[in-house]
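Note that these values count all heavy atoms, side chains included, but never hydrogens, waters or copies made by symmetry.
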Amino acid sequence: MKITRRDLGKYAAGAAAVATLEPLRAAQREQQLASKIDKVLASAVLQLDALKQPVRIATIDLLSNADNFMVRVRTADGATGISVAHPDAIKTTYPILLKRVVPSFIGKDARDLERLLWEVYLERDNYKWQGLPFWTCVAAVEIAVLDLLGKSASLPIGALLGGVVRREIGVYRASGNRGNTPEQEIQYLKKIVAETGATAIKFRLGGRMMYNDETTRRDKALIPLTRKTFGDAMTIYADANGSYDIPAAIRIGHLMEEYKLAFFEEPLPFDDYDGTKKVADALKIPIALGEQENSLNNFRRIIQSGVMRIAQPDILYFGGFIRSIRVARIAAAAAIQCTPHMSGGGLGYLYVAHFASCVPNAGPHQEFKGFGGTLPITSDTSSLKSEKGVIHVPSGPGLGITIDPDFLQKSKVISGAIL
């Protein structure tokens with residue numbers, strides 16, 4: 001068939017029309033997503049039907065023992081909730097907890113926790129203090145209050161946070177090593193896999209907020225060696241901790257794609273959203289991000305604009321379960337997973353397990369480092385261990401664990417004095 005100039009003109013006009021429509025369609029998709037996010041953020045997180053009477057907070061104490069810091073919330077009739085705070089953060093920021101956070105909860109009904117989280121943010125202009133020092137303190141109190149509510153309702157906290165959807169959580173083991181050889185790193189990864197039976201691992205790339213020829217040689221050797229060693233059945237993640245610029249991140253990302261790694265965490269400095277978007281657009285491997293975030297609005301922005309494809313709020317850094325679940329709901333509206341980052345020791349890994357138990361779009365593996373150290377805890381409903389790569393989430397009331405009463409009895413009550 002002969003094509004005339006008139007036909008070419010029609011084809012050109014049609015192509016131009018499609019090109020004009022595409023931005024319009026993209027804008028419509030973005031508006032639809034924004035509407036979905038508005039709707040989920042307007043919905044309450046807590047489900048408190050089982051609590052008919054007020055649960056009024058009488059006292060909140062900060063306790064210390066060895067390298068552990070516990071927040072204990074009590075009612076006038078003796079009901080108690082307890083959390084283990086981020087040890088490194090609270091050792092420095094505890095005056096914020098005692099002076100700027102705790103007073104907003106005393107005398108209040110614990111069932112109003114969602115409203116109280118907003119009020120403590122506004123109280124005495126605390127929003128000007130927003131960041132890791134403030135939100136780790138809020139998280140410590142929030143988790144203790146959730147434990148209190150769960151015990152008062154005779155329900156695990158997952159049942160109060162949207163409902164339990166799973167009790168078995170697949171885990172991944174993460175290496176924190178840098179500077180060792182690829183062969184040394186492989187031996188370490190083998191060791192931590194053997195300890196837990198994990199079917200997923202994560203290792204570190206780059207030099208932590210920098211890279212050079214030496215770190216790049218290690219990256220290029222370690223990525224294929226890890227896949228060769230562990231085979232196709234192992235899920236492999238990698239964390240750059242903001243090490244790269246855009247070109248280097250794309251080069252390393254393509255290598256990760258070649259060897260079928262599952263996500264690429266923080267390829268650029270975490271707050272370089274525009275640069276990270278360019279990396280995300282250039283790669284097929286999902287970009288994971290959010291460990292350092294403390295703003296719900298920022299999470300919404302970077303999820304809605306496609307900067308990240310795996311949302312990673314840190315439950316302690318970000319202010320606790322309720323705020324982190326809101327991030328998970330934003331992520332679900334965008335059809336992406338939420339796999340929280342976990343910092344610190346203490347009960348951090350228990351918190352991640354409870355979070356994954358009640359978040360439908362939790363990723364297939366959650367970080368697990370174990371419950372070792374100086375904190376004596378037990379659970380009637382879980383071994384608190386990874387068994388064949390799975391941890392069973394405690395199903396008892398609240399957090400579902402017991403801290404040795406003698407350990408608590410011997411703990412020091414921290415006041416406003418300097419440690």
Side-chain angles (χ1 to χ4, degrees), residues 86-89 132 171-196 198 200-230 234-272 275-276 279-280 283 285-293 308 310 312 314 316-317 339-345 348-349 352 365-370 372-373:
H86 190 295
D88 292 336
L132 183 152
V171 304
Y172 74 82
R173 286 303 313 267
S175 167
N177 297 328
R178 281 193 172 90
N180 57 355
T181 67
E183 293 75 18
Q184 289 169 336
E185 181 67 349
I186 290 296
Q187 292 307 309
Y188 180 74
L189 291 170
K190 286 181 176 179
K191 174 180 178 292
I192 59 177
V193 166
E195 290 170 353
T196 57
I201 53 176
K202 185 172 80 174
F203 58 86
R204 294 191 175 186
L205 296 170
R208 193 175 186 89
M209 300 294 285
M210 55 78 67
Y211 73 97
N212 54 33
D213 290 345
E214 182 179 352
T215 65
T216 300
R217 283 193 296 271
R218 179 181 182 272
D219 295 345
K220 289 182 176 180
L222 182 56
I223 291 168
L225 184 58
T226 306
R227 177 58 71 200
K228 178 181 178 182
T229 301
F230 291 98
M234 180 68 74
T235 299
I236 303 175
Y237 309 118
D239 183 3
N241 291 114
S243 289
Y244 305 120
D245 55 22
I246 295 171
I250 292 172
R251 289 194 298 269
I252 293 296
H254 283 314
L255 184 63
M256 295 168 74
E257 290 172 348
E258 181 181 349
Y259 288 94
K260 298 180 175 58
L261 271 64
F263 71 57
F264 189 1
E265 185 174 340
E266 279 192 359
L268 270 61
F270 79 94
D271 53 356
D272 185 357
T276 303
V279 173
L283 297 174
I285 185 171
I287 300 300
L289 193 66
E291 165 188 349
Q292 317 292 351
E293 269 305 332
M308 67 165 63
I310 305 286
Q312 288 186 303
D314 185 297
L316 292 179
Y317 289 169
T339 299
H341 176 268
M342 194 64 256
S343 60
Y349 318 109
V352 166
H365 305 96
Q366 306 297 324
E367 185 172 2
F368 180 76
K369 294 180 182 175

For residues Asn180 and Arg178, determine if any side-chain heavy atom of one lies less than 4.5 Å from a side-chain heavy atom of the other.
no

Give me the atom names and distance for the closest heavy-atom approach of Val352 to Pro340.
CG1-CG, 4.3 Å

Please assess His254 against Met256 for the test side-chain contact (heavy atoms from CB on, under 4.5 Å), listing each intermediate value before the final yes or no.
CA-CA 5 Å; His254 283 314; Met256 295 168 74; over 6 Å; no

Hey, could you give me the CG/CD distance between Asp314 and Gln292, rounded to the nearest 0.5 Å?
8.5 Å

Students often mix this up, so state it plainly: with edges at 30° and 60°, are the rings of Phe263 and Tyr237 parallel, tilted or perpendicular?
parallel

Looking only at heavy atoms, which two atoms of Glu266 and Leu289 are closest? And how far apart?
CG-CD1, 3.7 Å

From OG1 (Thr226) to CE (Met234), nearest 0.5 Å
10.0 Å

Closer than 4.0 angstrom, basic N to acidic O: yes or no for Glu214 and Arg218?
no

Walk me through whether Thr229 and Lys190 qualify under side-chain contact (heavy atoms from CB on, under 4.5 Å).
CA-CA 9 Å; Thr229 301; Lys190 286 181 176 179; 3.6 Å; yes

Inter-residue atom distance Glu258.CD - Arg227.CZ, 0.5 Å rounding
11.5 Å

For the backbone of Phe203 and the side chain of Ser175, can you confirm whether one donor and one acceptor N or O come within less than 3.5 Å of each other?
no

Provide the closest heavy-atom pair for Pro182 versus Ala221 in the form atom of the first, atom of the second, distance.
CG-CB, 3.7 Å

Taking side chain as C-beta onward, heavy atoms only, is Leu222 less than 4.5 Å from Ile186?
yes

Take Val171 and His365 through the side-chain contact (heavy atoms from CB on, under 4.5 Å) test and state the conclusion after the steps.
CA-CA 5 Å; Val171 304; His365 305 96; 6.0 Å; no

Can you check whether Ile287 reaches Glu265 side chain to side chain, under 4.5 Å on heavy atoms?
no

Spacing of CD1 belonging to Ile250 relative to CD belonging to Glu257, to within rounding of 0.5 Å:
10.0 Å

Minimal heavy-atom distance between Leu268 and Ile246, with the atoms involved, is CD2-CG1, 3.7 Å

Between the side chain of Arg208 and the main-chain N/O of Ser243, is any donor-acceptor distance below 3.5 Å?
no

Could you check whether any side-chain heavy atom of Leu189 comes within less than 4.5 Å of a side-chain heavy atom of Phe230, counting everything from C-beta outward?
yes

For atom CG of Asp213, decide whether the heavy atoms of other residues, nucleotides or ligands shown that lie under 6.0 angstrom number more than 12.
no

Using atom types as modelled and distance alone, determine if a side-chain donor or acceptor of Gln187 lies under 3.5 Å from a backbone N or O of Gln184.
no

Is a side-chain donor or acceptor of Glu291 paired with a backbone partner of His341 at a separation under 3.5 angstrom?
no

To the nearest 0.5 Å, what is the distance between OG1 on Thr235 and NZ on Lys260?
13.0 Å

Can you find a heavy atom in the side chain of Pro286 that is under 4.5 Å from one in the side chain of Phe264?
no

Output every pair passing ring-ring contact (aromatic ring centres under 6.0 Å, His included) with a member in residues 207-229, not counting sequence neighbours, ordered by first then second residue.
Tyr211-Tyr244

Less than 4.0 angstrom from a charged side-chain N to a carboxylate O is my criterion; do Arg173 and Glu195 meet it?
yes

Side chain Arg204, main chain Asp239, donor-acceptor under 3.5 Å
no

Can you tell me how far OG1 of Thr215 sits from CG of Leu205, rounded to the nearest 0.5 angstrom?
9.0 Å

Taking all non-hydrogen atoms of both residues into account, name the closest pair between Ile201 and Tyr172 and its distance.
N-CB, 4.2 Å

Considering all heavy atoms of both residues, which atom of Leu255 and which atom of Asp219 are nearest to each other, and what is their separation?
CD2-O, 4.4 Å

